[in-house]
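Here, residue 1 is the first one in the sequence, and each next residue gets the next number. Reckoned from all heavy atoms, side chains included, excluding hydrogens, waters and symmetry mates. Just follow the structure's listing: the first ligand is 1, and inside any ligand the first atom is 1.
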Amino acid sequence: MNDVELKKEQGSSVISARKLTRTFVDGKKEVAVLKNLDLDVITGELVAIVGASGSGKSTLLQLLGGLDQASSGDIFINDQNINGLSEKKLAKIRNQNLGFVYQFHHLLTEFTALENVSMPCLLAGWSVNDARKRSLELIAAVGLADRAEHKPGELSGGERQRIAFSRALATQPGCILADEPTGNLDEATASEVFKWLLELNQKFNTSFVIVTHDHGLADQTHRKLTLQDGHLIR
Ligand SMILES: Nc1ncnc2c1ncn2[C@@H]1O[C@H](COP(=O)(O)OP(=O)(O)OP(=O)(O)O)[C@@H](O)[C@H]1O
Ligand SMILES: [Mg+2]
């Protein structure tokens with residue numbers, strides 16, 4: 001058994017948070033949003049985070065992705081503590097290990113689905129051929145092989161989010177962080193997008209942390225956590 005297999009066997013963490021605290025100063029008042037929060041997301045795990053509006057879900061995701069500074073505590077991405085790293089090093093770790101999906105797709109409107117999904121690979125230095133091959137595989141994995149040459153404006157809202165997931169997976173990150181990826185879709189379309197997300201998780205063994213307001217979707221994941229009073233509750 002090699003190192004990677006051994007880690008998988010042991011259920012190693014792709015992202016961990018230890019005693020994570022985030023306090024915002026609002027005028028003279030301090031608002032503690034996250035309080036000594038702990039989290040471990042293991043390889044291939046699909047975790048849903050639910051919680052009231054303003055409970056700190058987006059704040060947590062931003063911190064996990066190294067896009068915001070914690071007030072105290074530590075974040076480990078692939079076992080590396082990101083505390084105090086230079087922006088350059090942090091960007092490298094982020095690019096190699098994480099993918100992001102948001103409520104709005106953020107696809108580049110002038111480019112086709114295939115070009116959008118290829119972009120992160122090309123930026124990471126892949127050959128055009130390799131990027132194309134990988135992208136077509138990921139576009140097929142969300143059932144849109146026949147839409148690869150369409151631009152975002154020629155896709156439905158659900159199709160655009162499926163392409164956004166393909167793009168987030170392009171460079172084979174260990175974990176995707178998704179903040180309300182179906183929040184802008186009607187219920188039927190949200191279920192459809194979620195079905196593809198479950199497929200991607202199975203097929204590529206990528207971990208996902210999904211923030212959602214939809215308990216029906218959250219119940220389909222491996223673990224549903226509620227963010228309440230600064231803590232995650234099972
Ligand atoms: N940059 C900031 N400065 C001050 N307060 C902030 C900042 N960002 C977030 N907050 C506050 O932190 C709390 C948590 O915000 P956050 O956006 O994480 O909530 P959320 O759970 O994602 O809510 P929603 O479900 O509405 O998206 C809110 O009270 C918000 O006002
Ligand atoms: Mg939010």
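Between Val47 and Ile210 the shortest side-chain heavy-atom distance does not fall below 4.5 Å.
Against a heavy-atom cut-off of under 4.0 Å, Ala52 is close to the following atoms of ligand 1: 21 (O). Near Gly56, meaning under 4.0 Å from one of its heavy atoms, ligand 1 places the atoms 14 (C), 16 (P), 18 (O), 19 (O), 20 (P), 21 (O).
For Lys195, the NZ atom counts as densely surrounded, since its 6.0 Å shell holds more than 12 non-hydrogen atoms of other residues, nucleotides or ligands.
Note on Val41 and Leu67: same hydrophobic cluster, where clusters join Ile, Leu, Val, Met, Phe, Trp and Tyr whose side-chain heavy atoms are under 4.5 Å apart, directly or indirectly. Hydrophobic clustering (ILVMFWY, side-chain heavy atoms < 4.5 Å, transitive): Val142 and Leu198 are in one cluster.
For atom 30 (C) of ligand 1, the nearest protein heavy atom is 4.0 Å or more away.
Protein heavy atom in closest approach to atom 26 (O) of ligand 1: Ser53 OG, 2.5 Å. At the top of the distance list for atom 5 (N) of ligand 1, counting protein heavy atoms only, stands Phe24 CG, 3.4 Å. Protein heavy atom nearest atom 14 (C) of ligand 1, with residue, atom name and distance: Gly54 O, 3.3 Å. In terms of protein heavy-atom proximity, atom 12 (O) of ligand 1 is closest to Val33 CG2, 3.3 Å. What sits closest to atom 27 (O) of ligand 1 on the protein, heavy atoms only, is Glu180 OE2, 3.6 Å. Counting protein heavy atoms only, atom 25 (O) of ligand 1 is closest to Lys57 NZ, 2.7 Å. Protein heavy atom at the shortest distance from atom 16 (P) of ligand 1 is Thr59 OG1, 3.6 Å. Counting protein heavy atoms only, atom 17 (O) of ligand 1 is closest to Ser58 CB, 3.8 Å.
Residue side and main chain included, Thr59 places no N/O/S atom under 2.8 Å of the Mg ion (ligand 2).
Taking a cutoff of 4.0 Å between a charged side-chain nitrogen and a carboxylate oxygen, Lys224 and Asp219 qualify as a salt bridge. By the 4.0 Å N-to-carboxylate-O rule, Arg22 lies close enough to Asp68 to be salt-bridged with it.
Annotation: cation-pi geometry satisfied between Arg134 and Phe204 (NZ/CZ under 6.0 angstrom from ring centroid, within 45° of ring axis).
The aromatic rings of Tyr102 and His106 sit perpendicular to each other, their planes meeting at more than 60°, with 30° as the lower class boundary.
Ligand 1 has at least one atom lying under 4.0 Å from a heavy atom of His213. A heavy-atom separation below 4.0 Å is not found between Gly51 and ligand 1.
A side-chain hydrogen bond (donor to acceptor under 3.5 Å, both in side chains) with Arg18 holds for exactly one of Asp40, Asp74, Asn83; it is Asp40.
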